[in-house]
Peer 1: 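Quick one: structure below, then a few questions.
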Amino acid sequence: MNPPVPFLDLAATHQEVAEAITQAWAQILAASSFIGGSHVEGFERDWAAYCQTSFAVGVGNGTDALVLALRALDVGAGDEVILPANTFVATAEAVVLAGAVPRFVDVDPDTLLMGAAHVEEALSERTAAVIAVHLFGQMCDMDALAQLCSRRGLALVEDAAQAHGATWRGRRAGSIGDIGCFSFYPGKNLGALGDGGAVVTDDAALAGRVRSMADHGRRAGSKYVHDVVGTNSRLDNVQAAALQIKLPHLDGWNDARRQAIRWYADALEGHDARLVRVVPDAQSVHHLAAVLVPRRDEVAAVLAEQGVASGVHYPVPCHRQAAYAPYASGPLPVCEDAADRLLSLPLFPTITREQVARVGATVRDALPVEVRRAS
Ligand SMILES: *Cc1c(COP(=O)(O)O)cnc(C)c1O
């Protein structure tokens, strides 16, 4: 049998940067400066520049980035926040943790992204904010969403946790809404070697509020003056050093993901395993290689038998999760149908053409016979 194809090979990607990170970590250990420090400042500067924004604030993880962004925008009790139902649960979790009510909406069947029309249908007098989720690495139509939000006086938050380096008409993920939120969970396109996150914004006051709230609500420059109820959610020096070392590689890694997606497109062409569409205005960074297939669980089982790993992102949309069902306001057919048919294939920067060819052939053979060729 052929060697197994992993879903993700983080260790292979880390070979390129392991020595530099080991050296930086030895210096941090020698200085024993762990919270704050030169790498945090350096990475925040580098990340803001990369994202084409004036400010970046490191935080503990992507979920906290979203909660802090909403709180800093003064979104909370009595407010409704519109978001797509097909996202990682953290997007919805952040809304509830901030004290607001999530309003789930459907998405476009080709891109699986929320558009302005979806948002429009869910608007109410209580709507305070919209969270655009750049799912699988492709940005939403940020021109339409930004126009709608500015016309209605709504805050626009970008959940860019899967979209490090993605662009919409040349503008980077995180830079178009009022604030952009990132996760540096190890498996993301830019991952720490543990948990980490950041917000980016052009608004100095907003950046200052997030920074203060992430650090116990401390007044800037003070030690024991607390103006607001904050929390403890800081990016630490150890993670910031790793991120700073990895950042110069991000564009190359994203290029490699795009190349692998082209190989997948060739391998699956004409078959009933359709890659999520990328529109011409978007440059996707392909966090995941998501395809829509019939009888997904059977296809996944055949792949597993053949040593090909796969995943499902996500098997249950947020409005059908027990924790969030109380907020559901009706069926969302595109999200529900996608949840039954989505299959994520192996994808990581070092994946080879041979590995993609093998996954593609295995998928083709695994498709139900009567629908193997798209009619
Ligand atoms: C990963 C992810 C998050 C949460 O990030 P954590 O760092 O795991 O808290 C939020 N939203 C989306 C879309 C994600 O993929």
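One-based numbering, in listed order, for ligands and for the atoms of each.
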Peer 1: Using a strict 4.0 Å cut-off to heavy atoms of Ala161, name the atoms of ligand 1 that fall inside it.
Peer 2: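 Contacts of ligand 1 toward Ala161, numbered from 1: 2 (C), 3 (C), 10 (C), 11 (N), 12 (C), 14 (C), 15 (O).
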Peer 1: What do you reckon, are the aromatic ring centroids of Trp253 and Phe348 less than 6.0 Å apart?
Peer 2: no
Peer 1: Would you mind running through ligand 1 and noting each atom that sits below 4.0 Å from a heavy atom of Thr91?
Peer 2: 11 (N)
Peer 1: For ligand 1, which atoms, with element, lie under 4.0 Å from some heavy atom of Gly62?
Peer 2: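 Within the 4.0 Å cut-off of Gly62, ligand 1 contributes 5 (O), 6 (P), 7 (O), 9 (O).
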Peer 1: Examine the proximity of ligand 1 to Asp195 and report which part, side chain or backbone, both or neither, has a heavy atom under 4.0 Å away.
Peer 2: neither
Peer 1: Looking at ligand 1, does Asp159 have a heavy atom less than 4.0 Å from it?
Peer 2: yes
Peer 1: Which option out of Thr87, Val133, Ile131, Thr63 puts a heavy atom nearest to atom 4 (C) of ligand 1?
Peer 2: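 Among Thr87, Val133, Ile131, Thr63, the closest heavy atom to atom 4 (C) of ligand 1 belongs to Thr63.
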Peer 1: Parallel, tilted or perpendicular: which one describes the rings of His319 and Phe104, with boundaries at 30° and 60°?
Peer 2: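 Ring orientation of His319 relative to Phe104: tilted.
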Peer 1: I'd like to check which ligand 1 atoms, numbered from 1 as shown, lie under 4.0 Å from a non-hydrogen atom of Gln162.
Peer 2: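 It comes down to these atoms of ligand 1: 13 (C), 15 (O).
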Peer 1: Against heavy atoms of Ala90, which atoms of ligand 1 measure under 4.0 Å?
Peer 2: 3 (C), 4 (C), 10 (C)
Peer 1: For the rings on Phe184 and Phe43, is their centre-to-centre separation under 6.0 Å?
Peer 2: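 Ring-ring flag for Phe184/Phe43: true, centres closer than 6.0 Å.
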Peer 1: Count the heavy atoms belonging to other residues, nucleotides or ligands that lie under 6.0 Å from CZ of Arg320, then report whether that count exceeds 12.
Peer 2: no
Peer 1: Has the side chain of Thr231 got a donor or acceptor atom that lies under 3.5 Å from a matching backbone atom of Ser233?
Peer 2: no
Peer 1: So which heavy atom in the protein is nearest atom 2 (C) of ligand 1, and how far is it from that ligand atom?
Peer 2: Lys188 NZ, 2.7 Å
Peer 1: What protein heavy atom lies closest to atom 8 (O) of ligand 1? Include the residue and the distance to one decimal.
Peer 2: Ser183 OG, 4.0 Å
Peer 1: Consider side chain to side chain contact (heavy atoms under 4.5 Å, CB included). Of Leu268, Val293, Thr362, Val356, which one does Leu345 pass it with?
Peer 2: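 That would be Leu268.
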Peer 1: What do you reckon, does His287 put a non-hydrogen atom under 4.0 Å from ligand 1?
Peer 2: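 The answer is no: ligand 1 sits nowhere under 4.0 Å from a heavy atom of His287.
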Peer 1: Do we see a donor-acceptor contact under 3.5 Å between the side chains of Trp168 and Asp281?
Peer 2: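 No, no side-chain donor-acceptor contact under 3.5 Å.
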Peer 1: Does the side chain of His134 pick up a donor-acceptor pair with the side chain of Glu158 at under 3.5 Å?
Peer 2: yes
